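In this text the structure is predicted, and so the values were computed from the model without any measurement.
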Amino acid sequence: MSFLPEILPIAREAGALLMSYFGKVVIEYKGEVDLVTEADRKAEALIVERIRSKWPTHEITGEEGTRTDSGGAYRWYIDPLDGTTNFAHGYPVFCVSIALEHKGERIAGVVYDPTRDELFAAEKGSGAELNGRKIHVSNTATLAESLIATGFPSHKRHKNPNIHFYHRITLHSHGIRRAGSAAMDLAYVACGRYDGYWEFNLNPWDTAAGVLLVEEAGGKVTGVYNTPFDIASREVVASNTILHPALLAELQSVIEGRDREELPDPRVLARPRSS
Ligand code: IPD
Ligand code: CA
Ligand code: CA
């Protein structure tokens, strides 16, 4: 049974709702630094209403508070607005992320970027698509030729050690992008715009759809120690498969403190140019 024909219009509808708020939102705070807007809540309410009316027995986990647990075999993971910080600042990189799990296995995933009208979709065993056309991960063969993505958690950003990994990998690749939407980072690995991506401190609604997109597009997703990706683990390493060993090795070398390249003294930049 295919769920995509019914999920895709829901993602588009939620994306249109986000666009109707874009540029006009009032920022609120969920914690010290975690932003939320009315658009996050309205988009979640819309998606939840559509899912409940079609599949009333399905369980739902939504970032903005929807939680049901009555032992059903199906569970939806909803991030109604992934990239809230971008959205709140008028920076056009955000998306809707919706995934469906059956007995713990991801079976469908959709990431919709309403700013570019890009709809990424995957169903278990059927491949991945972007606006109806098949997508595949890149065939970049070396880290030195790769473009990699990462992200930093909005919560307690100042205590997150990811900058060490960023520093190392930026020196060994074409560069790192920190665009601010985990679901889109994964979708971009799936379609070959990025060759790899890693992040720590994520939630199931950030990764559920994007992980299936990467896997169905021929990529690989694991934890930092090459264990199978676990939705409860909060960490994710995704790649075009070819680069997976190299990306994991770079992350390991940082964890173990090997080959550390010291950060240059920032005062070097403040020195006047000699000519
Ligand atoms: C955030 C984004 C960001 C990632 C953060 C997430 P939100 O989700 O995915 O890229 O770095 O860890 O919390 O809060 O915008 O839905
Ligand atoms: Ca998110
Ligand atoms: Ca969100």
Side-chain angles (χ1 to χ4, degrees), residues 32-35 79 82-89 91-95 97 111 137-138 140-203 206-207 210-211 214 219-227 229-230 233-270:
E32 207 185 321
V33 282
D34 212 356
L35 311 189
D79 193 337
D82 186 50
T84 295
T85 304
N86 289 342
F87 183 87
H89 288 270
Y91 183 75
V93 179
F94 55 87
C95 67
S97 176
V111 170
V137 292
S138 73
T140 304
T142 66
L143 207 57
E145 301 163 291
S146 70
L147 186 65
I148 306 290
T150 191
F152 292 79
S154 42
H155 180 62
K156 299 264 185 221
R157 196 174 293 139
H158 53 295
K159 288 191 179 162
N160 191 279
N162 200 27
I163 198 69
H164 296 287
F165 298 88
Y166 188 108
H167 176 59
R168 168 136 195 129
I169 293 169
T170 201
L171 295 175
H172 292 99
S173 63
H174 275 173
I176 299 183
R177 297 291 173 265
R178 187 277 194 256
S181 163
M184 275 177 60
D185 290 337
L186 286 161
Y188 278 21
V189 173
C191 70
R193 291 174 188 165
Y194 291 143
D195 305 297
Y197 161 69
W198 86 93
E199 190 164 345
F200 304 98
N201 279 303
L202 291 165
N203 287 296
D206 298 312
T207 51
V211 165
V214 173
K220 185 164 181 176
V221 188
T222 66
V224 177
Y225 293 99
N226 208 18
T227 47
F229 172 74
D230 174 1
S233 80
R234 305 185 70 85
E235 65 182 40
V236 61
V237 182
S239 76
N240 65 358
T241 303
I242 310 167
L243 289 180
H244 217 78
L247 187 54
L248 290 175
E250 291 293 337
L251 297 171
Q252 278 314 307
S253 72
V254 177
I255 290 168
E256 290 164 20
R258 278 186 278 120
D259 310 321
R260 181 173 289 167
E261 287 167 70
E262 290 305 325
L263 284 162
D265 185 335
R267 283 171 295 192
V268 169
L269 297 175

Backbone of [Y] reached by a side-chain donor or acceptor of [X] within 3.5 Å:
{"X": "R178", "Y": "F152", "answer": "yes"}
{"X": "S233", "Y": "D230", "answer": "yes"}
{"X": "N201", "Y": "P153", "answer": "no"}
{"X": "E145", "Y": "T140", "answer": "no"}
{"X": "D206", "Y": "N203", "answer": "yes"}

Spacing of [atom1] belonging to [X] relative to [atom2] belonging to [Y], to within rounding of 0.5 Å:
{"X": "Y166", "Y": "W198", "atom1": "OH", "atom2": "CH2", "result": "8.0 Å"}
{"X": "Y188", "Y": "S181", "atom1": "OH", "atom2": "OG", "result": "8.5 Å"}
{"X": "L247", "Y": "N226", "atom1": "CG", "atom2": "CG", "result": "10.5 Å"}
{"X": "R193", "Y": "D185", "atom1": "CZ", "atom2": "CG", "result": "12.0 Å"}
{"X": "L251", "Y": "R168", "atom1": "CG", "atom2": "CZ", "result": "9.5 Å"}
{"X": "I148", "Y": "Y194", "atom1": "CD1", "atom2": "OH", "result": "10.0 Å"}

Specify the closest pair of heavy atoms between [X] and [Y], including all atoms of both residues, with the distance to one decimal.
{"X": "G210", "Y": "V111", "answer": "N-CG2, 4.4 Å"}
{"X": "N240", "Y": "V189", "answer": "N-CG1, 4.5 Å"}
{"X": "A182", "Y": "Y197", "answer": "CB-OH, 3.3 Å"}
{"X": "T241", "Y": "K220", "answer": "OG1-N, 3.4 Å"}
{"X": "L248", "Y": "G223", "answer": "CD2-O, 3.7 Å"}
{"X": "L243", "Y": "T142", "answer": "CD2-C, 3.3 Å"}

Is a side-chain donor-acceptor pair under 3.5 Å present for [Y] with [X]?
{"X": "S97", "Y": "D82", "answer": "no"}
{"X": "S239", "Y": "D195", "answer": "no"}
{"X": "T222", "Y": "H244", "answer": "yes"}

Do the rings of F200 and F165 sit parallel, tilted or perpendicular, given the 30° and 60° boundaries?
tilted
For R258, does the CZ atom sit with more than 12 other heavy atoms under 6.0 Å from it, leaving out its own atoms?
yes
Report the C-alpha distance between T84 and F94 in whole Å, list the side-chain angles of each, state the deciding distance to 0.1 Å, and finish with yes or no for side chain to side chain contact (heavy atoms under 4.5 Å, CB included).
CA-CA 7 Å; T84 295; F94 55 87; over 6 Å; no
Begin from the C-alpha positions of E250 and L143 and carry the test side chain to side chain contact (heavy atoms under 4.5 Å, CB included) through to its verdict.
CA-CA 10 Å; E250 291 293 337; L143 207 57; 3.3 Å; yes
